[in-house]
Amino acid sequence: MPRLLGFVLALIVLSLGVAMTAGLLYLLRDSGLPHLPLWLAAIVAGLLAMSFGWRLLPSWWRPVLLVMPLAALLSLTINPVWFLIAAVILMALQWNAIFNRIPLYRSDAMVSRVLADFMREEKHHSLLDIGCGDGRLLLRLSQALPEAQFVGIESAPVLYLIARWRCRKQSNCTIHFGDFWQMDWSPYDVVFAFLSPEPMLQVWRKSGREMKANAVLLSLAFPVPGIEESRLVPAQHFDMYLYHLPVLSDSDR
């Protein structure tokens, strides 16, 4: 669904939910029934808006529509300092989404199991996770494959600290703070990415320039546009797109 159309539909269903709730409040006032608290009315408006948009909008809109009326009501009574604190926390956690259009995604346990099996079968001994988030995936991999080496890089400060803490006892796992575009990818057998559609073509180009022969690029959920994958590796909710890197000449690098 086009982004603008989705936004317009969301506004329409939200307006319908609020309008119907306002009508309900009016009827309750004239009927002599107990007064409906505003916070409960906001929840009713959210439920109505979510139900109206259930089939019209993508599923991720549902929680947004549900909480939006209540959030708008609370915003009238909450000290503005809390909004500043929330903004700082959001920036610390979603730094990449704000500046690089790469939001935080968390891979589940099935992804780590599939990835560990893949590395065993293909006899790969090192993996770089570009944008490793909170380090959950690398912790599972380093525990499953103690003979292999795992490296993650993360530019969101809070996520980096969480990943460092989480992987602190794993001698075969290292977490770096910084920009993965500035990092050398050549030492690794596998580069793993769970980013967004936005950077994938640039990821492919950097992989081709830097990664060694027989190395592979694995992208969870997001394919490289215009490039056919070598194969798909199923991982429950998402597929991993596997790309064998072409060997580029010096003039192409």
Side-chain angles (χ1 to χ4, degrees), residues 1-111 131 133-137 154 156-163 165-166 194-198 220-222 235-238:
M1 174 181 294
R3 187 178 304 175
L4 180 59
L5 177 59
F7 183 72
V8 171
L9 286 175
L11 285 178
I12 292 173
V13 298
L14 182 61
S15 300
L16 285 174
V18 171
M20 291 190 67
T21 306
L24 176 63
L25 291 175
Y26 180 80
L27 292 175
L28 288 176
R29 186 191 67 177
D30 290 348
S31 65
L33 294 174
H35 177 70
L36 191 67
L38 284 179
W39 64 267
L40 184 56
I43 293 175
V44 171
L47 287 170
L48 289 172
M50 182 177 68
S51 64
F52 294 151
W54 194 271
R55 293 292 184 90
L56 296 175
L57 293 162
S59 59
W60 63 267
W61 269 107
R62 295 168 190 169
V64 175
L65 293 170
L66 176 63
V67 304
M68 192 174 293
L70 184 60
L73 176 64
L74 292 176
S75 68
L76 300 176
T77 59
I78 294 176
N79 191 310
V81 172
W82 289 108
F83 290 100
L84 176 61
I85 293 173
V88 171
I89 293 174
L90 178 63
M91 180 170 289
L93 292 174
Q94 291 285 10
W95 183 276
N96 294 324
I98 297 169
F99 294 101
N100 299 319
R101 301 182 187 177
I102 303 174
L104 170 64
Y105 296 111
R106 299 177 69 186
S107 53
D108 57 25
M110 175 61 73
V111 174
D134 60 10
R136 182 183 300 259
L137 175 70
E154 177 58 52
V158 171
L159 295 177
Y160 161 74
L161 293 174
I162 294 173
W165 175 257
R166 177 167 277 159
F194 189 17
L195 302 175
S196 76
E198 180 71 22
L220 181 61
F222 304 112
Q236 196 172 6
H237 299 299
F238 300 106

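Nothing here was measured: the structure is a model prediction, and the numbers come from that model.
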Quick check: closest heavy atoms across A42 and P69, and the distance to 0.1 Å?
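Where A42 meets P69 most closely, the heavy atoms are O-CB, 3.4 Å.
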Which pair of non-hydrogen atoms, one from L195 and one from F222, has the smallest distance, and what is that distance?
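Nearest pair, atom of L195 first, then F222: O-CE1, 3.5 Å.
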Rounded distance (nearest 0.5 Å) linking atom [atom1] of [X] with atom [atom2] of [Y]:
X	Y	atom1	atom2	result
M68	L14	CE	CG	6.0 Å
L65	L57	CG	CG	6.5 Å
D134	W165	CG	CH2	15.0 Å
T21	L38	OG1	CG	11.0 Å

E154 (side chain) donor-acceptor with L159 (main chain) under 3.5 angstrom:
no
Test of understanding: with side-chain contact (heavy atoms from CB on, under 4.5 Å), list the residues that count as partners of [X], not counting sequence neighbours.
X	result
M110	D108, R113, V114, Q236
W54	M50, R62
F238	F194, L220, A221

Quick one, L48 and L16 - any side-chain contact, counting heavy atoms below 4.5 Å?
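Side-chain contact under 4.5 Å: no.
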